[in-house]
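These notes are about the structure you will find just below.
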Amino acid sequence: MQSYLKILILTGLVGTFPPLFVIAQETATDPFKPFPDQLAPSLFNEVQDRDFRGIIPEEKALYYYVLKHLRETSLKDQKQAAEFNLQQRRAELKTFQEHPELTLPLFRDIFKNSSRYKGRLVMLKGRVRKLMHYPAEKNEYGIQTLYEAWLFTDDSQQNPTVVVCTEVPEALQNGLPAGTDVIDNVTVTGYLFKMYAYNAQDTTRVAPLILARQLEWSPAITDEKGSQAFLQLMAGAFIILIAGVAIVMWKTMQKDKQFKEKRLQANQDQVSFDRLESQSEPSKAESNPESKSDHQS
């Protein structure tokens, strides 16, 4: 009896191993396993793409939950997950398997294959041409202000990515800097929430909607010392140029003066032809000896 019970127990244990092995295998191949804080894409299954109503009421709970989750997780981890997801995507595409040196045009791939990216972390870099802020709707996470940026990447041409986040650099809290209609070197890391429908001037268009923690902006650094040194160098060169021109003009004037003085001296030393003729012409008496002899006789 005891032997029979042992066989039943062993059989039961062995029967449990295949499901455990399958679970372990699925976990090992899950691209989200190295990033336990990353949200599961399945949470976004009910989000409606290309809905003309924007964020519909049924999506708002998840919308604010994602923003809250992003605020509570490390931006470094988010970037690491986005990079991991990008490498996973490259591994799926034969072109990039054969040519690993090529760059995947991420915006274009998101736009054409949004279902592959929905609910996953991505990282985009580009320029922001539109930035606004507005009060958040009532939510249970204490989110008060939302920032909306329209990001354009190198491969998006004139198609924007709409980014909604809860943090921006201090210089951008009131929008784009005064006198600026675009800022470059902007990085965004966040979840693709949905393909967002918006009204353009000519028709209704669609753009990826990314929910992010913050905008990262690296404005171009102006080398003030270098600029000042350059201005000083240009000023010095200008002064030297003016001095050179003045010296050349002075030398030219001196040469003209010397030439005029020499010519004047030459004119003074020249004998008048009239005077020479008057000095060389003999008197009538000297030139006519016969008349002289006649006079004496």
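Atom set for the values below is all heavy atoms of this structure, side chains included, hydrogens, waters and symmetry mates excluded.
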Main-chain N/O of Gly54 paired with Lys194 side-chain donor or acceptor, under 3.5 Å: yes

Student check: side-chain heavy atoms of Leu209 and Val164 closer than 4.5 Å: yes

Distance-only polar pair, side chains of Gln87 and Glu83, donor-acceptor under 3.5 Å: yes

May I have the list of side-chain donor-acceptor pairs in residues 171-191 shorter than 3.5 Å, sequence neighbours left out?
{"residue": "Asn185", "atom": "ND2", "partner": "Ser218", "partner atom": "O", "Å": "3.2"}
{"residue": "Tyr191", "atom": "OH", "partner": "Leu39", "partner atom": "N", "Å": "2.9"}
{"residue": "Tyr191", "atom": "OH", "partner": "His69", "partner atom": "NE2", "Å": "3.3"}

Minimum-distance pair of heavy atoms, taken over all atoms of Lys68 and Ile143: N-CD1, 4.0 Å

Geometric class of the Tyr147/His133 ring pair [parallel <30°, tilted 30-60°, perpendicular >60°]: tilted

Pairs meeting criterion salt bridge (charged side-chain N to carboxylate O under 4.0 Å, His left out) with involvement of residues 166-176, two or more places apart: Glu167-Arg213

Pro160 to Ala207 - nearest heavy-atom pair and separation: O-CB, 3.2 Å

Gap separating the NZ atom of Lys79 from the OG atom of Ser74, nearest 0.5 angstrom: 9.5 Å

Test item: Leu124 and Val163 side chains (from C-beta on) under 4.5 Å apart, heavy atoms: no

Spacing of CG belonging to Leu121 relative to CG belonging to Leu86, to within rounding of 0.5 Å: 12.0 Å

Gln78 to Leu70 - nearest heavy-atom pair and separation: NE2-O, 3.1 Å

Closest non-hydrogen atom pair, Ala149 against Val128: CB-CG1, 4.1 Å

Inter-residue atom distance Trp150.CH2 - Lys130.NZ, 0.5 Å rounding: 4.5 Å

Under 3.5 Å: donor-acceptor pair, side chain of Tyr64, backbone of Glu137: yes

Pro135 and Gln144, any side-chain heavy atoms less than 4.5 Å apart: no

Distance-only donor-acceptor check, side chains Arg129 and Gln158, under 3.5 Å: yes

Heavy-atom pair with the smallest gap, counting every atom of Ile55 and Lys60: O-CE, 3.6 Å

Test: Asp49 and Lys118 ion pair at under 4.0 Å: yes

Nearest atoms (heavy-atom pairs only) where Arg116 meets Glu92: NH2-OE2, 2.9 Å

Got a list of side-chain donor-acceptor pairs under 3.5 Å for residues 101-112, not counting sequence neighbours?
{"residue": "Asp109", "atom": "OD1", "partner": "Arg89", "partner atom": "NH2", "Å": "3.1"}
{"residue": "Asp109", "atom": "OD1", "partner": "Asn113", "partner atom": "ND2", "Å": "2.7"}
{"residue": "Asp109", "atom": "OD2", "partner": "Arg89", "partner atom": "NE", "Å": "2.7"}
{"residue": "Asp109", "atom": "OD2", "partner": "Tyr117", "partner atom": "OH", "Å": "2.4"}

Gap between atom OG1 of Thr153 and atom CG of Asp155 - 0.5 Å precision: 4.0 Å

